[in-house]
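Following: one structure in structure tokens, then a few remarks.
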Amino acid sequence: MDFRHMTVKDCFANPACKAIIQEYAPQIMKYPIKLFNRKSCGEIFDLVVSKKIVPEDVARTIEAKINEIL
């Protein structure tokens, strides 16, 4: 499974994935992540990039780093 198809719940259950997100995009952590548990990470990251919460280059870096560990 790659990052874009992984659910938010699975991503945040993995401590390595959560650490990468906290390192590169700590601003995401202030939002109620539990509301998005059944959504895919690809959907959520597309949303936060479109709303300018996370820059696109940072989102791509996070995706690449998480795909490396998966």
Side-chain angles (χ1 to χ4, degrees):
M1 178 178 290
D2 68 336
F3 174 75
R4 296 205 59 82
H5 296 98
M6 171 186 265
T7 64
V8 172
K9 181 179 181 180
D10 292 338
C11 183
F12 281 93
N14 183 333
C17 294
K18 188 175 180 179
I20 290 171
I21 293 172
Q22 286 178 331
E23 178 183 345
Y24 288 96
Q27 63 271 34
I28 290 177
M29 304 309 283
K30 70 179 181 181
Y31 294 96
I33 302 296
K34 291 183 180 185
L35 296 175
F36 303 113
N37 276 341
R38 293 203 170 115
K39 298 269 188 185
S40 73
C41 287
E43 289 177 273
I44 299 303
F45 267 68
D46 290 343
L47 178 67
V48 297
V49 168
S50 71
K51 299 291 183 184
K52 309 269 190 250
I53 296 170
V54 175
E56 187 173 350
D57 60 331
V58 173
R60 288 183 190 203
T61 302
I62 291 170
E63 182 177 350
K65 297 269 185 193
I66 290 177
N67 281 333
E68 286 176 16
I69 63 170
L70 297 177

TODO: Locate the shortest heavy-atom distance separating Q27 from V54; write the atom from each residue and the value.
DONE: NE2-CG2, 3.8 Å
- [ ] Please collect all side chain to side chain donor-acceptor pair (under 3.5 Å) contacts where either partner lies in residues 35-48, sequence neighbours excluded, each pair once.
- [x] R4-D46, S40-E43
Task: Same apolar cluster: I28 and I44, side chain cutoff 4.5 Å - done: yes
Open item on the list: Applying ring pair (Phe, Tyr, Trp, His ring centres under 6.0 Å) as the test, list every pair that has at least one member in residues 37-56; sequence neighbours left out.
Closed with: F3-F45
Cut-off 3.5 Å, no hydrogens considered: what does the side-chain donor-acceptor table look like for residues 8-23, sequence neighbours left out?
residue: D10; atom: OD2; partner: T7; partner atom: OG1; Å: 3.0
residue: N14; atom: OD1; partner: A16; partner atom: N; Å: 3.0

- [ ] Kindly state each residue pair satisfying ring pair (Phe, Tyr, Trp, His ring centres under 6.0 Å) with at least one member in residues 16-35, sequence neighbours excluded.
- [x] none
Task: Residues forming a side-chain contact (heavy atoms from CB on, under 4.5 Å) with R60, sequence neighbours excluded - done: E56
- [ ] List in chain and number order the residues that pass side-chain contact (heavy atoms from CB on, under 4.5 Å) with L47, two or more places apart in sequence or in another chain; answer none if no residue qualifies.
- [x] S50, K51
